Amino acid sequence: MDSADEVPIGLLQTLPPVEFCCVYGSSLHPNNSHIHTSMIDYILGVPDPQQWHAQNLNMNRHHYASWMVHLGGARLITEVADDIGVGVHFNPYVSHKNRMFKYGVVRMHDLVQDILGWDKFYLSGRLQKPVNVIVDNLEIKKLNSANLKAATSAALLLLPSEFSEEELYAKICSLSYMGDLRMLFAEDKNKVKKIVQGQFKLFKTMYRPILEEFAARDLFRISSSVDQKVNIIQSGLWIVYRMLPCVFSSFATQKPDGNKAWREESI
């Protein structure tokens, strides 16, 4: 980006006010050689999407598909996002200051519900990967710590008994792509690996405090291997499942002896 703040703030000044804004995707990749030509992706959280889109149509009508504007305007845009999509309306290919942007607009209530309960597991999955938070009036970044802990817990339940820190981040990153048909046909098979390796330091900044907290609670042990990679050895997975969102009512819990037991339980 031109700087950490200039371009995002400049774009936001052309839009109606938002409660939350973050940048995500390849624009955060420190080794992205196309940093000045690749599209910059945003998530915008607003109290009332229909009202926000109505204001934005007056300010930036050209951001929207013409058929949606003519057929129903703000009401149709919001209904399609809520009833057909995952509660997010995206405006792609928005040009600003010689850069290309895509921004998705979501209701703040829906954003919070997805972060805490994985209702749609869409934006919560986005926020499990590195993002650059620009606006955070309701402390979503702080709230997202519960989402990061849940993602770590899910990854621990899916990984073998011993693995590297990079493998843990790869498993966390892959959670939001599970069931995504694009990963079978359209997306790069090494997408997850490239994301983690390209943003490893950002993943470490996000998750290392959680790993240290889990280790302090004796959920696993962290030790340095000969090649100086960090290996995480699980020892308490039978209680990790309790950190998953309440949407999960069936769990595979792994006991210290390695045996898996299925339990039907609501948490």
Side-chain angles (χ1 to χ4, degrees), residues 1-82 84-108 110-111 114 120 122-123 125-127 129-137 140-141 176-177 180 182 186-188 191 194-195 198-199 202:
M1 278 186 241
D2 296 339
S3 78
D5 297 315
E6 279 182 16
V7 173
I9 292 177
L11 177 66
L12 289 178
Q13 288 174 344
T14 70
L15 302 172
V18 301
E19 296 284 354
F20 175 79
C21 172
C22 72
V23 185
Y24 68 92
S26 61
S27 61
L28 296 176
H29 197 308
N31 299 319
N32 186 356
S33 59
H34 304 288
I35 190 68
H36 293 291
T37 58
S38 59
M39 187 176 296
I40 301 175
D41 300 307
Y42 292 93
I43 294 297
L44 307 178
V46 303
D48 184 337
Q50 183 168 331
Q51 183 182 59
W52 192 92
H53 287 303
Q55 295 176 15
N56 198 35
L57 282 168
N58 290 328
M59 299 168 65
N60 302 291
R61 193 181 187 87
H62 59 287
H63 289 185
Y64 296 83
S66 59
W67 68 270
M68 297 193 81
V69 175
H70 293 130
L71 288 180
R75 178 187 56 79
L76 178 64
I77 291 166
T78 305
E79 288 179 354
V80 169
D82 289 342
I84 300 177
V86 290
V88 187
H89 172 81
F90 281 97
N91 281 335
Y93 307 111
V94 174
S95 179
H96 176 71
K97 290 188 177 180
N98 299 318
R99 300 295 303 275
M100 199 64 71
F101 295 83
K102 177 180 71 178
Y103 62 86
V105 181
V106 62
R107 185 180 290 102
M108 286 300 298
D110 294 343
L111 175 60
D114 202 35
K120 306 289 187 181
Y122 182 70
L123 294 180
R126 296 280 190 193
L127 293 175
K129 295 182 275 291
V131 298
N132 180 13
V133 177
I134 306 300
V135 178
D136 193 11
N137 295 343
I140 294 298
K141 188 174 182 180
S176 60
Y177 296 118
D180 190 337
R182 294 176 303 172
E187 293 284 5
D188 184 349
K191 180 175 183 176
K194 289 179 179 179
I195 290 174
Q199 302 183 29
L202 297 177

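Predicted model, so just to flag it, every value in this text is computed and none were measured.
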Which of Asn58, Asp48, Thr78 passes side-chain contact (heavy atoms from CB on, under 4.5 Å) with His53? Answer is Thr78
So, do His89 and Met68 sit near enough that their side-chain heavy atoms are less than 4.5 Å apart?
-> yes
Please work out whether the ring planes of Tyr103 and His63 are parallel, tilted or perpendicular, with thresholds of 30° and 60°.
-> perpendicular
Would you call Ile43 and Val131 a side-chain contact if the rule is heavy atoms closer than 4.5 Å?
-> no
Does a side-chain heavy-atom distance below 4.5 Å link Asp41 with Phe90?
-> no
Determine, stepwise, if the pair Tyr122 / Leu111 fulfils side chain to side chain contact (heavy atoms under 4.5 Å, CB included).
-> CA-CA 9 Å; Tyr122 182 70; Leu111 175 60; over 6 Å; no
SB check Lys120 Asp110 (cutoff 4.0 Å) | no
Do His62 and Asn60 come within less than 4.5 Å of each other through their side chains, counting heavy atoms only?
-> yes
Non-hydrogen side-chain atoms of Ile140 and Val133 separated by less than 4.5 Å | no
Is Leu12 close to Tyr42 at the side-chain level, that is, under 4.5 Å between some pair of heavy atoms?
-> no
Min side-chain heavy-atom separation Tyr24-Leu127 under 4.5 Å = no
Could I get the full list of salt bridge (Lys or Arg N to Asp or Glu O under 4.0 Å) partners for Glu79, not counting sequence neighbours?
-> Arg75
Would a 4.5 Å heavy-atom cut-off, applied to side chains only, mark Arg126 and Cys22 as touching?
-> no
Decide yes or no on side chain to side chain contact (heavy atoms under 4.5 Å, CB included) for Met108 and Phe20, but give the supporting numbers first.
-> CA-CA 8 Å; Met108 286 300 298; Phe20 175 79; 3.9 Å; yes
Do you know which two heavy atoms are closest between Gly125 and Ser176, and how far apart they sit?
-> CA-CB, 3.8 Å
